[in-house]
Colleague: 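Let me begin by handing over the structure; questions about it come next.
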There are 2 protein chains.
Amino acid sequence: MKKTKPKYLNVQIHLKQQIQQGTYNPGDFIPSENQLCKQFSITRTTARKALDELIKEGFIERIHGKGSRVKERRHTLGLLNVKGFSEAVGEGVNTKFLQHPIKALWSDEIILPVSETDRNASCFYFERLRFVGKTPVMLEKNWFPNTKLPQFTATDFVDGSFFKTLSQRYLIEIVGSTQEIRSEFASEKHAKIFGIESTSPLLHISIKFLTSNPKLTIYSELYCDTSAYPVGNSYYL
Amino acid sequence: MKKTKPKYLNVQIHLKQQIQQGTYNPGDFIPSENQLCKQFSITRTTARKALDELIKEGFIERIHGKGSRVKERRHTLGLLNVKGFSEAVGEGVNTKFLQHPIKALWSDEIILPVSETDRNASCFYFERLRFVGKTPVMLEKNWFPNTKLPQFTATDFVDGSFFKTLSQRYLIEIVGSTQEIRSEFASEKHAKIFGIESTSPLLHISIKFLTSNPKLTIYSELYCDTSAYPVGNSYYL
DNA sequence: TAGTGGTCTAGACCACGCC
DNA sequence: GCGTGGTCTAGACCACTAG
């Protein structure tokens, strides 16, 4: 019953928050291992465990003889992994709902196969356009079975993030995904949305997200204008 | 001058070889931490360090109360499977070297920043065109510092896979990647290679691979004609 | 209950970067 | 020389799995 929270996790979370809040910026050195030992009354083994985790998450790097430094984040749309748009890009991101969550039909536009059980359930749909500053960079279309998210509306969104909303309001996490990626001509309709020629190339990403709730699968079709902001991601073991 | 080899590295290499040689197969349990302590005359901390590295490399997983088990599949690194093209697409894949490995210069074509130390080293380069059946689908260009792979030639390739070669011949694993993805018009030259119009969209993927050898970073530029075969991957926690 | 991995302590010595 | 991270020891207690 009682979840014992490891000490290293407190240190890890504390440092991560300070990095995300800008207490430590990219290039800055966080406190040394010995300083963390004193500050949290722990041994170096435990301090290093916390730092090991932050390294795995890509927040810091160790430099022998110098210290642990906050890593630089490139200004790209990192969404290919499980991270999500708003988390990865940071500030300067705006979102406009082109379609608030409504009951809809399963669309032919969904590339990856919709499972039998999903297709028999009613479908929720929403559509958003994402901007960096005033430049539209990504059109995002999402479908998922209606049954699993009671009272789901646009106003519920936590920090404008769908995944963060799932995690915090419904305790549902993304546990896997299947993707297909294409380079295509923009359709007439999409070209108009992005304000580009219909002969321009668009990046088309089809994703099927698996969640910790076996009944909830999310189908997404993303269209990205990568001419100014390429889609990017990083992955570290 | 004398590089002192850490004890955990011996354990790590020993276990990795046994896994690659089939002494332990996927699903098998490797010796417990306490057994490793006795076998190598080390403490549990050191044994765990070795296992931590093997986990990061994707070879094993720990199961609380049971042991450490050899993993079934290699994890995927972001966009493309680490196993590489040949295993991801399946049968009917052919590869043609457009340029066998040679000493070359660091190219302007590399999108992601080349580190200072890499740029100061001499550079190895090779280029391959990948087919599904007789259709060219991916042009692959790779650069890496010359210093780290002695006697590296095209004939060394294990199963036609660069990464498998690194793993089996040099015991080097991919431990991370940074990617940028763009949808672009095909260049004149690339259009000719793929046999398409130069106004056609091409998927352009720029990757910087980090390996278990800190001195070896691999820079790749991939160009894919996704009209018939989209790029895909799956990701599971 | 025995064995496994998960966490943690309180030290130690070494290698690296910098002044 | 001094502070940093890199490795290692010899324990300890806890949580999970399985017979």
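Given the structure is predicted, the values throughout are model-derived calculations rather than measurements.
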Colleague: May I ask you to list the residues of residues 41-50 of chain A, by number, that have any heavy atom positioned under 4.0 Å from an atom of DNA chain C?
Modeller: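 Nucleic-acid contacts, sorted: A:Ser41, A:Ile42, A:Thr43, A:Arg44, A:Thr45, A:Thr46, A:Lys49.
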Colleague: How does DNA chain D look in dot-bracket form if you count Watson-Crick and G-U pairs under 3.5 Å, write [ ] for pairs that cross, and put | where a base pairs with another strand?
Modeller: ||||||||||||||||||.
Colleague: Report the residues that fulfil salt bridge (charged side-chain N to carboxylate O under 4.0 Å, His left out) with A:Arg48, sequence neighbours left out, ordered by chain and then residue number.
Modeller: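 So A:Arg48 forms a salt bridge (charged side-chain N to carboxylate O under 4.0 Å, His left out) with A:Glu33.
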Colleague: Under the side chain to side chain donor-acceptor pair (under 3.5 Å) test, which residues partner A:Lys49, sequence neighbours left out?
Modeller: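 Residues passing side chain to side chain donor-acceptor pair (under 3.5 Å) with A:Lys49: A:Glu53.
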Colleague: Can you sort out the partners of B:Lys141 under salt bridge (charged side-chain N to carboxylate O under 4.0 Å, His left out), two or more places apart, ordered by chain and number?
Modeller: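 B:Lys141 satisfies salt bridge (charged side-chain N to carboxylate O under 4.0 Å, His left out) with B:Glu109 only.
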Colleague: With sequence neighbours excluded, tell me which residues meet side-chain contact (heavy atoms from CB on, under 4.5 Å) with B:Asp28.
Modeller: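 Checked B:Asp28 against side-chain contact (heavy atoms from CB on, under 4.5 Å); matches are B:Tyr24, B:Asn25.
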Colleague: Taking any heavy-atom pair under 4.0 Å as a contact, classify B:Leu51: base, sugar-phosphate, or nothing.
Modeller: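 Touches nothing.
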Colleague: Does anything in residues 28-37 of chain B come within less than 4.0 Å of DNA chain D? Heavy atoms only, and list the residues if so.
Modeller: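 The stretch gives none, as no residue of it lies under 4.0 Å from the strand.
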Colleague: Considering residues at least two apart in sequence or located in another chain, which fulfil the salt bridge (charged side-chain N to carboxylate O under 4.0 Å, His left out) criterion with A:Glu116?
Modeller: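 Partners of A:Glu116 under the salt bridge (charged side-chain N to carboxylate O under 4.0 Å, His left out) test: none.
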Colleague: Test of understanding: with side-chain contact (heavy atoms from CB on, under 4.5 Å), list the residues that count as partners of A:Thr135, not counting sequence neighbours.
Modeller: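 Checked A:Thr135 against side-chain contact (heavy atoms from CB on, under 4.5 Å); matches are A:Val137.
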Colleague: My understanding is that only residues two or more places apart in sequence, or in another chain, count here; which of them pass side-chain contact (heavy atoms from CB on, under 4.5 Å) with B:Lys66?
Modeller: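 Checked B:Lys66 against side-chain contact (heavy atoms from CB on, under 4.5 Å); matches are B:Phe29, B:Ile63.
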Colleague: So if I take residues 6-14 of chain B and measure heavy-atom distances to DNA chain C, which residues fall below 4.0 Å?
Modeller: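 Result for residues 6-14 of chain B: none.
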Colleague: A:Ser227: which residues meet the side-chain contact (heavy atoms from CB on, under 4.5 Å) condition with it, sequence neighbours left out?
Modeller: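 For A:Ser227, the residues satisfying side-chain contact (heavy atoms from CB on, under 4.5 Å) (neighbours in sequence not counted) are A:Asp225.
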